[in-house]
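Accompanying notes for the structure given below.
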Amino acid sequence: MEEANKEGTVKHVLLAKFKDGVSPEKIEELIKGYANLVNLIEPMKAFHWGEDVSIENLHQGYTHIFESTFESKEAVAEYVAHPVHVEFATMFLGSLDKVLVIDYKPTSVSL
C-alpha cells in the first residue's frame, strides 16, 4: 500500500504561534530571515511558509507553518547544527509562544 521514500527527500515542518507582543513588522522580518536561510545553508533546498486559513478551528493556537526541504535526514542534521541556523533559531524561537517541529519523509500511496 505505502511506498516509502527510502533515502531521499525529508520535509522539516515547523508550526508556530508568535507571542502576543510581537509586531506584524517583526513577524515579517523573521519570516524573511527564515526564508533567506535557503541561500545561506547549502543542505536546505527549498522553503515555503503560510498562515492558518482553516475553517475547522483545530489549529490549537498555531498560526504559521514553515516547511523546509532537504535531501536526507543527514542534511537536516547538518542544517540544525549549522552556526547560521543556530543563531537564527535562537532569535526566532525567542519570539514564539508555541512551537512544534516534525521531520518526515513524503510517502505516496499505491491504490
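What you see below is based on every heavy atom in this structure, not just the backbone, and it leaves out hydrogens, waters and symmetry mates.
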Begin with the C-alpha distance, continue with both residues' side-chain angles, and end with the deciding distance and a verdict on salt bridge (Lys or Arg N to Asp or Glu O under 4.0 Å) for Lys26 and Glu29.
CA-CA 5 Å; Lys26 180 64 174 176; Glu29 176 186 320; 3.4 Å; yes

Which pair of non-hydrogen atoms, one from Val86 and one from Val80, has the smallest distance, and what is that distance?
CG2-O, 3.6 Å

Is Tyr34 reachable from Val13 through a run of I, L, V, M, F, W or Y residues, each pair having side-chain heavy atoms under 4.5 Å apart?
no

Between Lys19 and Asp97, is there a side-chain N and carboxylate O pair less than 4.0 Å apart?
no

Evaluate the side chain to side chain contact (heavy atoms under 4.5 Å, CB included) criterion for residues His12 and Val10: first the C-alpha distance (whole Å), next the side-chain angles of each, then the deciding distance (0.1 Å), finally the verdict.
CA-CA 7 Å; His12 176 78; Val10 174; 5.7 Å; no

What are the two closest heavy atoms between Ala16 and Leu96, and how far apart are they?
CB-CD2, 3.7 Å

Nearest 0.5 angstrom please: Leu14 CG to Ile102 CD1, how far?
10.0 Å

Is there a side chain to side chain contact (heavy atoms under 4.5 Å, CB included) between Lys105 and Lys73 once you walk through the steps?
CA-CA 9 Å; Lys105 289 179 169 266; Lys73 289 190 300 185; 4.1 Å; yes

Spell out, yes or no, whether Met44 and Ile65 are grouped together once hydrophobic residues are joined by side-chain heavy atoms under 4.5 Å, including indirect joins.
no

Would you indicate whether the side-chain heavy atoms of Thr69 and Thr9 approach each other to under 4.5 Å?
yes

Got more than 12 heavy atoms from elsewhere within 6.0 Å of NE2, His48?
no

Do the side chains of Leu30 and Met91 get nearer than 4.5 Å, heavy atoms only?
yes

Apply side chain to side chain contact (heavy atoms under 4.5 Å, CB included) to residues Lys45 and Glu42 and explain how you reach the verdict.
CA-CA 7 Å; Lys45 299 303 181 189; Glu42 194 278 326; 2.7 Å; yes

Would the distance check show the side chain of Ser68 and the main-chain N or O of Phe66 forming a donor-acceptor pair, the cut-off being under 3.5 Å?
no

Evaluate side chain to side chain contact (heavy atoms under 4.5 Å, CB included) for His85 paired with Leu40, printing each intermediate quantity in order.
CA-CA 9 Å; His85 171 263; Leu40 303 174; over 6 Å; no

What class does the angle between the rings of Phe18 and Phe92 fall in, given that below 30° is parallel, 30 to 60° is tilted and above 60° is perpendicular?
perpendicular

Look at the side-chain heavy atoms of Ile, Leu, Val, Met, Phe, Trp and Tyr, link any pair under 4.5 Å apart, and say whether Leu93 and Leu100 land in one connected group.
no

Student check: side-chain heavy atoms of His64 and Ile31 closer than 4.5 Å:
yes

Do His59 and Asn57 come close enough that some side-chain heavy atom pair is under 4.5 Å?
yes

Indicate if Phe88 and Phe47 have the same hydrophobic cluster label, given that clusters are the connected sets of ILVMFWY residues with side-chain heavy-atom separations under 4.5 angstrom.
yes

Between Ala75 and Pro43, the two heavy atoms sitting closest are O-CB, 3.6 Å

Compare all side-chain heavy atoms of Glu78 with those of His82 and state whether any distance is below 4.5 angstrom.
no

Does Lys98 count as lying over the ring of Tyr62, i.e. NZ or CZ under 6.0 Å from the six-ring centre, within 45 degrees of the axis?
yes

Hydrophobic cluster identity match, Trp49 and Val101, side-chain contacts under 4.5 Å:
yes

What are the two closest non-hydrogen atoms of Lys11 and Pro106, and how far apart are they?
CG-CG, 3.7 Å

